[in-house]
Amino acid sequence: MGSKGRTVMEVGADGVALITIINPPVNSLSLDVLHSLKESYDEALRRNDVKAIVVTGAKGKFSGGFDITAFGSLQGGKVEQPKPGYISVEIVTNTLEAAKKPSVAAIDGLALGGGLEIAMACHARISTPTAQLGLPELQLGIIPGFGGTQRLPRLVGLAKSLEMMLTSKSVKGQEACNLGLVDAVVSPNELISTARKWALDILDRRKPWVASLHKNDKIEPLGEAREIFKFARAQTRKQAPNLKHPLVCIDVVEEGVVSGPMAGVWKEAEAFQGLLHSDTCKALVHIFFAQRGTSKVPGITDKGFMPRKVTKVGVVGGGLMGSGIATSLVLSNYQVILKEVNEKFLEAGVGRVKANLQSRVKKGVMTPEKFEKTMTLLKGVLDYESFRDVDMVIEAVIEKISLKQEIFSDLEKYCPPHCILATNTSTIDLNLIGEKTRSHKRIIGAHFFSPAHVMPLLEIVRTQHTSPQVIVDLIDVGKKIKKTPVVVGNCTGFAVNRMFFPYTQAGLLLVERGTNVYQIDKAITNFGMPMGPFRLVDLVGFGVAIATGTQFVVNFPERTYKSMLIPLMQEDKRAGETTGKGFYLYDDNRKARPDPELKKYIEKARSISGVTADPKLVSLPEKNIIEMIFLPVVNEACRVLDEGIAVKAADLDIASVMGMGFPPYRGGLIFWADSLGSKYIYSRLNEWSEMYGDFFKPCAYLAERAAKGIPLGTPSAQGKARL
Ligand SMILES: C[C@H](O)CC(=O)SCCNC(=O)CCNC(=O)[C@H](O)C(C)(C)COP(=O)(O)OP(=O)(O)OC[C@H]1O[C@@H](n2cnc3c(N)ncnc32)[C@H](O)[C@@H]1OP(=O)(O)O
């Protein structure tokens with residue numbers, strides 16, 4: 001492997017050595033950078049013309065932390081691992097912090113993870129107001145490993161440091177200064193000169209020479225500290241019951257408080273090594289790269305198309321989805337024309353956008369001035385006259401083909417020829433929607449998830465006609481409104497709804513054969529989903545569930561489990577959370593509790609299906625519940641891959657995490673499935689299909705992978721994209 005990153009050192013006439021970290025795009029700390037940093041320091045300490053040191057990062061970024069691309073080879077033993085403590089003790093503590101010449105970190109842009117840890121080992125820190133400082137390591141399944149668990153508490157106190165590490169949230173320059181994490185905030189063009197002067201001031205004792213690791217004034221007294229640890233552990237157990245590394249982080253911080261900072265640094269080094277090889281870390285690192293990989297679409301984004309500028313967007317329909325989409329857009333400074341059919345609906349739609357924004361003001365994440373300014377970006381209309389200069393339209397009306405066809409004909413008449421015509425349909429074939437137009441090239445799906453201004457996923461649906469330029473444009477808008485765009489092909493349910501359709505179906509099959517509704521939901525939430533299939537149907541509403549179900553019965557009759565349970569309940573005016581009862585009963589605070597009455601509907605549905613309770617399924621262990629619910633989901637995901645609806649398995653991992661709340665620490669659906677193995681999954685599904693029918697029948701892709709022993713996520717030898 002060639003050299004990955006370096007530092008350069010320049011010694012000024014003032015006697016200050018400026019060490020710059022260079023490793024684009026984020027100046028991450030590869031082993032090469034760290035070795036080079038040590039060499040630069042050694043040289044600076046040796047040279048008589050150097051009095052003090054300033055450390056900074058090239059091109060306005062201090063450092064984005066340890067090089068995440070190196071995790072894989074470290075985990076796989078492909079590169080020699082530095083011995084434990086080499087970086088945190090030898091380099092960071094003994095070379096940087098213990099240096100006989102003072103050093104100051106000059107921070108602009110990012111100082112995250114290892115980046116901030118290097119900065120904290122300097123004797124002072126100067127930052128710009130926009131710099132972002134934080135220790136987000138827990139998001140990757142590890143803990144800070146270059147002394148961060150010890151130095152951050154000593155700079156900002158235990159309570160704040162634990163909060164920063166456990167939530168992985170960074171702070172900006174001014175807040176960092178108020179907390180004591182940085183010593184001064186200056187503008188970018190004064191950054192280096194201020195840092196140089198500061199370093200010389202330390203040398204001359206005009207400013208304090210502080211070794212963060214031995215600072216004692218910010219750490220709370222032991223009694224208080226114990227309370228803080230107790231509280232943090234309780235919170236962590238509650239919020240992330242399946243995760244060990246946050247508790248390890250708390251243990252390591254505590255070790256430093258109880259046994260002294262060097263004991264803490266050593267414990268940190270040991271724990272870091274262990275966690276680096278954990279399944280959680282591997283899964284979360286996979287998610288990190290998979291998320292950044294979704295906007296790299298072979299044959300589309302590698303063809304040199306530049307996204308066109310989109311300024312004004314028309315949104316047709318101000319219902320729940322339309323108003324959520326409009327909210328997302330205005331929040332990112334797009335001008336929005338919201339169209340409704342009459343005054344009453346328009347007022348309601350605009351009102352919903354307003355309420356979405358106001359709730360941000362209430363939470364303190366938006367100022368009242370910004371609220372007023374954002375609202376001016378929204379204009380409500382009743383006709384298409386103002387659509388004459390829009391760059392993009394997103395249609396978000398009810399799922400009725402004839403209505404959508406009519407709207408698209410109108411859009412073709414009013415919108416300029418360059419305008420992108422997007423639909424937010426979640427089920428209808430895009431070719432049908434555009435059937436009455438001659439605009440197939442610019443028709444695309446922009447499938448948002450409810451609530452649209454909150455959920456992070458945007459499914460971008462292309463047909464065989466959609467032009468690459470339009471796809472590139474929508475990916476760009478998606479990123480600007482802070483969504484993760486996943487590009488998929490056109491089919492019933494697209495990627496997310498299609499692969500998760502069997503989620504509810506499997507639940508219904510099990511319940512008709514005797515498994516308890518609430519035990520299923522509990523097993524699935526214990527697995528890490530935000531809610532089980534039945535709580536989810538209640539939330540979505542039975543109307544929508546039946547409508548989507550019908551689509552699947554029509555399109556995939558051979559593998560759709562036909563249960564009457566939901567329609568029977570709906571007949572009795574139990575249609576989910578909005579009606580106060582569904583599979584659960586809801587109180588005024590929307591809190592769900594089990595309903596013993598459910599039995600009678602289940603019995604009725606069972607007799608219609610002609611099945612009886614199966615003793616094995618009545619007392620199904622949690623592990624089996626999880627597999628019987630998720631392996632059919634995996635099976636459908638395999639079909640989605642095989643048909644080329646999704647470009648790559650990692651896209652489905654992201655779609656499952658961001659669209660359905662699949663636990664990211666399991667790496668997403670396919671990554672998790674591969675931890676079980678294609679052979680195992682195939683044999684389980686096969687066994688169940690013999691016992692319970694074709695709903696479980698493993699698809700050809702799965703059969704082939706199992707026979708050859710190939711993981712499900714490995715790309716096919718020859719790409720089988722159908723587009
Ligand atoms: C021992 C230590 O304690 C351990 C550590 O330091 S672990 C690392 C801690 N650091 C982090 O977790 C930061 C991770 N990175 C991020 O959160 C974000 O990338 C960021 C805030 C730095 C930048 O975000 P943004 O501007 O949206 O750009 P983003 O697309 O995410 O990243 C740009 C590129 O940098 C890469 N990158 C970002 N951080 C990286 C890192 N630490 N190592 C290697 N590559 C990194 C991304 O993969 C991406 O590459 P690509 O262009 O080839 O896809």
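Residue numbers run from 1 in the order of the sequence given.
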Rounded to the nearest 0.5 Å, what separation is found between the [atom1] atom of [X] and the [atom2] atom of [Y]?
X    : Y    : atom1 : atom2 : answer
I53  : L203 : CD1   : CG    : 11.0 Å
Y334 : L377 : OH    : CG    : 12.0 Å
K373 : T367 : NZ    : OG1   : 9.5 Å
R237 : L247 : CZ    : CG    : 5.5 Å
L284 : I142 : CG    : CD1   : 10.0 Å
C122 : E97  : SG    : CD    : 9.0 Å

Verify, without hydrogens or angle tests, whether [X] (side chain) and [Y] (backbone) share a donor-acceptor contact under 3.5 angstrom.
X    : Y    : answer
K370 : V365 : no
K218 : L155 : yes
S161 : L158 : yes
H453 : S328 : no
N27  : K61  : yes
K309 : D391 : no
R360 : N356 : no
H245 : L138 : yes
T7   : S36  : yes
S332 : L329 : no

[X] and [Y] ion-paired at < 4.0 Å:
X    : Y    : answer
K244 : D279 : no
E43  : R46  : no
R308 : D473 : yes
E190 : K197 : no
E90  : K38  : no

Side chains of [X] and [Y]: closer than 4.5 Å at any heavy-atom pair?
X    : Y    : value
Q174 : P129 : no
N242 : R666 : yes
D476 : V310 : no
L31  : I87  : yes
E117 : L135 : yes
L162 : F229 : yes
K160 : L181 : no
P153 : V257 : no

task: Verify side chain to side chain contact (heavy atoms under 4.5 Å, CB included) between S212 and R125, making sure each step is shown before the conclusion.
output: CA-CA 11 Å; S212 314; R125 285 149 296 283; 4.0 Å; yes

task: Kindly indicate, with the supporting measurements, whether the criterion side-chain hydrogen bond (donor to acceptor under 3.5 Å, both in side chains) is fulfilled by N189 and S187.
output: CA-CA 6 Å; N189 52 17; S187 69; 2.8 Å; yes

Can you establish whether the number of heavy atoms outside [X] located under 6.0 Å from its atom [atom1] is more than 12?
X    : atom1 : value
K354 : NZ    : no
K172 : NZ    : no
F289 : CZ    : yes
E270 : CD    : no

Kindly give the heavy-atom pair with the smallest separation between [X] and [Y], and that separation in Å.
X    : Y    : answer
L133 : M164 : O-CE, 3.9 Å
E268 : G148 : OE2-N, 3.3 Å
L37  : L96  : CD2-CD2, 4.3 Å
S88  : G145 : CB-O, 3.4 Å
M9   : S40  : SD-O, 3.4 Å
G85  : W266 : CA-CZ3, 4.0 Å

- request: With side chain to side chain contact (heavy atoms under 4.5 Å, CB included) as the test, would you mind laying out the steps for M366 and T374 before giving the verdict?
  value: CA-CA 10 Å; M366 182 180 248; T374 309; 3.6 Å; yes

field: Check against side chain to side chain contact (heavy atoms under 4.5 Å, CB included), V54 and W198
entry: CA-CA 9 Å; V54 167; W198 202 287; over 6 Å; no

task: Take the angle between the ring planes of F671 and H286 and call it parallel below 30°, perpendicular above 60°, tilted in between.
output: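 Judged by the thresholds at 30° and 60°, the geometry between F671 and H286 is parallel.
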
message: Once you measure the plane-to-plane angle for F66 and F146, does it fall in the parallel (<30°), tilted (30-60°) or perpendicular (>60°) bin?
response: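 Plane angle over 60°, so perpendicular.
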
task: Give the C-alpha distance, both sets of side-chain angles, the deciding distance and a yes or no for side chain to side chain contact (heavy atoms under 4.5 Å, CB included) between I481 and L331.
output: CA-CA 7 Å; I481 59 174; L331 274 172; over 6 Å; no

- prompt: Does M455 have any side chain to side chain contact (heavy atoms under 4.5 Å, CB included) partners at least two apart in sequence or in another chain, and if so, which?
  reply: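 Here the qualifying residues are F449, P451.
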
- prompt: Judged by modelled atom types alone, do T93 and R151 share a side-chain donor-acceptor pair under 3.5 Å?
  reply: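 Checked: T93/R151 side chains pair up, N/O donor to acceptor below 3.5 Å.
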
